Every structure is written in C-alpha cells, then in structure tokens.
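Here is the structure we will look at.
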Amino acid sequence: MDEFAVAGSAMSAECDIWFAMPPGFVEVPLASPPDPPDATATDGLEMLTELVPEEQYESLRSSMDEARAMGRLLARTGAVHLSMGVHHGESGEVLHSVFLIKWEEVPWAPPKLAAAKAALASSEAREAELVDLPCGPAAVVESLNKREGQNVFQLTGYLPHPDGRRVAVLALSTTAGSDHEHYRDMFYGIVGMVSFDNPLPPQLREQIPEAQEVAAARDVFG
C-alpha cells in the first residue's frame, strides 16, 4: 500500500486542489522566503544535494535560488505550487525538472469543452490529447522548445474545475535530452492523482481550521 506525507497546505481551508508528488521533488515557496530560511526549505535542499554529485552542489543551490525568485513572480500570475525535482536517468546522469500549478480564469464552459479550448490555445503544442482523469475531462499538451540555448521538454495538463469558470494548469518541464517517456509516465501519474474534492481521511479533514470568511460570517450573524 502506498504511503503519503500530507503537506501543511493540504490542511488549509483555502485549499481547492489536491495532488501527490513522487519522490525527488522539493517545494519552492511562492511567497518571500523567511529570514532565516525555515527548516523545511533547508531540509528539502539537503535532500536534493544527496541526489547529485558533489561537484553539482553549487549549481543546484543556484538553481534553487533562481526558482525561489521565479516563484515570487509566478505567485502574482495565479501560481499556487512550484517544485524542483532531481532524478537519475537511465544512463545514470542527473536530470533536473520543474513542476508548476497555476489557475487560469476562463469564460464558463462545460469541462470537456474548456479542456479542448485550453489545449487549442497552446501555441507551443507539439502533440495534444484529450483524456478522462478521475477528477474529470482534461487535455494534455506536449511541447519541445529551445529556451536560452537549451531544449526544454514540457508536458502541460489543463484540468477544468467543476465550477466551469477556471482551469488548473499543471506543467512539468525538463532540459533532459532523453528519458521523455519516463517524464510522461511521471506526469500522468501526477495528474491522475489530482482531486478537486478533499481526498483526505475524515480524521484529517476534521482537523482543518474554519475558513476565515466562514468564521467572520458566523461572528456577524451568529
């Protein structure tokens, strides 16, 4: 039986999307980092350094710093999650990846139509596929582009929220020149676990604090 560690964000009353990440990923804070950095961020970086050769430590730390700076910018454009991943390829080389989740507001449309529209709007799409996930219909777009002199392989999933007015965009990108099938499997594993309804056991859901607006309304109206 698979075991999952529950992140603090999954226990927030404001959480409206739940997902699971495979080993090798460390979340990058989207808000300004604490000073000094909190233990979670430090432990995450140490975990990643254990996966790479010593001569790559400084490069990894630099990439993490860049990701943190990027995260603060992404938070202003609807991003709700950012992670860095370190993995070993089939030939033993160390591969890096970035995983992002953000919300996009859309005009109301049935979920399947919203997914198709989002896929068609992707100008970088090399391949696009409509899929049925446990959370509902979705579209997955695959692209390969050159950025800053490097080829970037990216998988992007467009998962319409049941309210019909927004789409969750999940993107996994890597500069790995090969092992694309590995990343496809990883990505489909992630999007296949997405839920718009709280999937936590009842004993954990009972511990989630009341939403601020609900508490405020109760204080006013009793």
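Just so you know, residue 1 is the first one in the sequence shown, and it goes up from there. These numbers were taken from a predicted model, which means no experiment stands behind them.
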Going by side chain to side chain contact (heavy atoms under 4.5 Å, CB included), name the residues that satisfy it together with Val131, two or more places apart in sequence or in a different chain.
Glu129, Leu133, Ala138, Val140, Tyr188
Where do Phe25 and Leu172 come nearest, in terms of heavy atoms and distance?
CZ-CD1, 4.0 Å
What distance do Gln150 atom CD and Asn145 atom CG have between them, rounded to the nearest 0.5 Å?
13.0 Å
For Ala176 and Thr174, work out which heavy atoms get closest and say how close.
N-OG1, 3.1 Å
Specify the closest pair of heavy atoms between Pro160 and Pro111, including all atoms of both residues, with the distance to one decimal.
CG-O, 3.1 Å
Using a 3.5 Å cut-off and no angle test, enumerate the donor-acceptor pairs between side-chain atoms of residues 78-85 and protein atoms at least two apart in sequence or in another chain.
unit_1: His81; atom_1: NE2; unit_2: Ser83; atom_2: OG; d: 2.5

Roughly how far, to the nearest 0.5 Å, is NE2 of His182 from CZ of Phe187?
14.0 Å
Could you pull out all residues at least two apart from Asp163 that satisfy salt bridge (charged side-chain N to carboxylate O under 4.0 Å, His left out)?
Arg166
Flag side-chain contact, heavy atom, 4.5 Å: Val194 against Trp18
no
Ala139 to Ala115 - nearest heavy-atom pair and separation
CB-O, 3.4 Å
Checking Ala168 now: which residues fulfil side chain to side chain contact (heavy atoms under 4.5 Å, CB included) with it, not counting sequence neighbours?
Ile17, Trp103, Leu159, Leu170, Phe196
Salt bridge (charged side-chain N to carboxylate O under 4.0 Å, His left out): which pairs involve residues 103-112, sequence neighbours left out?
Lys102-Glu104
Rounded to the nearest 0.5 Å, what separation is found between the CE atom of Met193 and the CE atom of Met21?
11.5 Å
How many angstroms lie between NE2 in His161 and SG in Cys135, if you round to the nearest 0.5 Å?
10.0 Å
Heavy-atom closest pair (Val167 atom, Ala114 atom, distance to 0.1 Å) is CG2-CB, 4.5 Å
Between Phe99 and Phe19, what is the ring plane arrangement, given parallel below 30°, perpendicular above 60°, and tilted in between?
tilted
When you look at Tyr183 and Glu142, which way does the side-chain contact (heavy atoms from CB on, under 4.5 Å) test go after all the steps?
CA-CA 11 Å; Tyr183 281 96; Glu142 182 177 310; over 6 Å; no
Note, Thr156 side chain near Val169 side chain (heavy atom, < 4.5 Å)
yes
Once rounded to the nearest 0.5 Å, what's the spacing between atom CG of Asp197 and atom CG of Asp16?
11.0 Å
Not counting sequence neighbours, which residues clear side chain to side chain contact (heavy atoms under 4.5 Å, CB included) with Asn151? List them please.
Leu144, Lys146
